[in-house]
Structure formats: structure tokens, C-alpha cells
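Working notes for the structure below.
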Amino acid sequence: MAIEGEGGLILHYLIFDASDDGEGTGTWEAMASVRAAQLPEVLQEVRAVLAWADGHSPGPRGPLDEGGAWDADRLVTVEGEWTTVTLTITGPWDWGEALMAGLDRPS
């Protein structure tokens with residue numbers, strides 16, 4: 001579950017990978033596959049990351065090609081006993097890197 005720590009949000013499930021388009025826009029994607037019992041905790045992390053992103057927003061949220069400064073997409077898929085949650089955040093590279101720096105993994 002995401003909680004506020006000294007460095008920011010502490011995440012137990014979501015791990016982000018970053019990619020840069022070379023023009024100043026980045027994409028950060030996290031995926032977690034869990035059984036039903038852990039799904040509420042993963043979804044809480046997603047909500048916490050989105051609240052964190054919104055609270056540190058570089059501008060309005062919305063599709064970048066429609067004038068948004070940043071955007072996010074959440075996808076939930078179920079296969080058998082496993083549920084996969086994918087969170088993708090897109091926005092200015094410097095903002096996203098600062099956002100990721102505010103996310104901690106437990107030691």
C-alpha cells in the first residue's frame with residue numbers, strides 16, 4: 001500500500017520504467033500482477049500516485065495532443081487467478097523524473 005514517507009510515497013507493488021521521446025516528453029509505466037487479495041492495495045497505490053501527480057501537476061491533465069500538460073491511463077486485466085494493473089503516465093520529462101524521485105520503494 002502506498003503511504004507517505006520521508007522521501008514521498010512508498011510503493012510496495014508498482015515499479016516504474018521510463019522512456020523519453022527525445023523531445024522533452026516522457027512516459028513512465030508501472031505494472032503489478034497480483035491475486036485478488038492484493039488488488040485493493042495495488043489500486044490504492046495507483047490512486048496515491050495519481051493524487052501525487054495531480055498535486056505536483058505541470059498543468060492541466062488531458063491528452064497531450066489536445067493541450068494537456070500530462071496524462072495517465074490505468075488498465076486492469078484479469079487472467080485466471082491473476083489481475084494485472086498497468087499505470088502509464090505521460091508528461092514533461094523533467095516533471096516526470098521529479099515525480100518518480102518522490103516515489104520510494106521499501107528497503
Side-chain angles (χ1 to χ4, degrees):
M1 172 178 0
I3 58 172
E4 287 281 340
E6 289 181 25
L9 292 176
I10 299 174
L11 303 178
H12 294 277
Y13 294 97
L14 298 175
I15 300 172
F16 284 88
D17 287 320
S19 62
D20 181 357
D21 73 352
E23 297 180 16
T25 301
T27 301
W28 296 265
E29 184 173 75
M31 182 182 299
S33 292
V34 296
R35 296 189 186 266
Q38 290 81 34
L39 183 58
E41 295 176 33
V42 173
L43 294 176
Q44 173 58 35
E45 285 192 4
V46 168
R47 286 189 296 273
V49 169
L50 291 175
W52 186 265
D54 193 46
H56 296 84
S57 173
R61 178 179 173 182
L64 276 58
D65 59 352
E66 295 178 14
W70 72 283
D71 205 2
D73 183 47
R74 182 189 79 170
L75 177 65
V76 179
T77 57
V78 178
E79 189 171 321
E81 296 181 19
W82 293 92
T83 300
T84 301
V85 178
T86 305
L87 176 62
T88 305
I89 298 173
T90 305
W93 180 257
D94 292 341
W95 167 77
E97 285 297 284
L99 181 69
M100 293 300 122
L103 305 176
D104 290 333
R105 303 280 311 162
S107 20

Subject >> Audit row: Glu29, Leu87, side chain to side chain contact (heavy atoms under 4.5 Å, CB included) steps and yes/no >> reply: CA-CA 6 Å; Glu29 184 173 75; Leu87 176 62; over 6 Å; no

Subject >> Over all atoms of both residues, closest heavy-atom pair of Pro60 and Gly67 >> reply: CG-O, 4.3 Å

Original post:
Checking Arg61 side chain against Asp54 main chain: does a donor-acceptor pair fall under 3.5 Å?
Top reply: no

Original post:
Going only through I, L, V, M, F, W and Y residues with side-chain contacts under 4.5 Å, is there a path from Trp82 to Val42?
Top reply: no

Original post:
Hey, what do you get for OG1 (Thr84) to CE (Met31), rounding to the nearest 0.5 Å?
Top reply: 6.5 Å

Original post:
Are Ile89 and Trp52 connected in the hydrophobic side-chain network, where two residues link if heavy atoms are under 4.5 Å apart?
Top reply: yes

**OP:** Check Ser57 against Trp70 and note the closest heavy-atom contact, atom names and distance.
**Re:** OG-NE1, 3.0 Å

Subject >> Straight-line distance of Leu43 CG to Gln38 CD, nearest 0.5 Å >> reply: 11.5 Å

**OP:** Compute whether any side-chain donor of one residue and acceptor of the other, for Tyr13 and Glu41, lie under 3.5 angstrom apart.
**Re:** yes

Original post:
Of all heavy-atom pairs between Phe16 and Leu11, which one has the smallest distance, and what is that distance?
Top reply: CE1-CD1, 4.0 Å

Subject >> No-hydrogen, no-angle side-chain donor-acceptor test under 3.5 Å, Thr25 and Trp93 >> reply: no

Original post:
Taking atom CG of Leu103 and atom CH2 of Trp28, what is their separation to the nearest 0.5 Å?
Top reply: 11.5 Å

Subject >> Nearest heavy atoms of Asp71 and Leu64, plus distance in Å >> reply: N-CD1, 4.0 Å

Subject >> Where Pro40 and Ala37 come nearest, the two heavy atoms and their spacing >> reply: CD-O, 3.6 Å

Original post:
With hydrophobic residues grouped by side-chain heavy-atom distances under 4.5 Å, do Trp95 and Leu50 end up in a single group?
Top reply: yes

Original post:
Do you know the tightest heavy-atom contact between Glu45 and Leu14?
Top reply: OE1-N, 3.0 Å

Original post:
Is the closest side-chain donor-acceptor distance between Gln44 and Arg47 under 3.5 Å?
Top reply: yes

**OP:** Would you kindly confirm whether Val34 and Val76 end up in one hydrophobic cluster when ILVMFWY residues are joined by side chain heavy atoms under 4.5 Å apart?
**Re:** yes

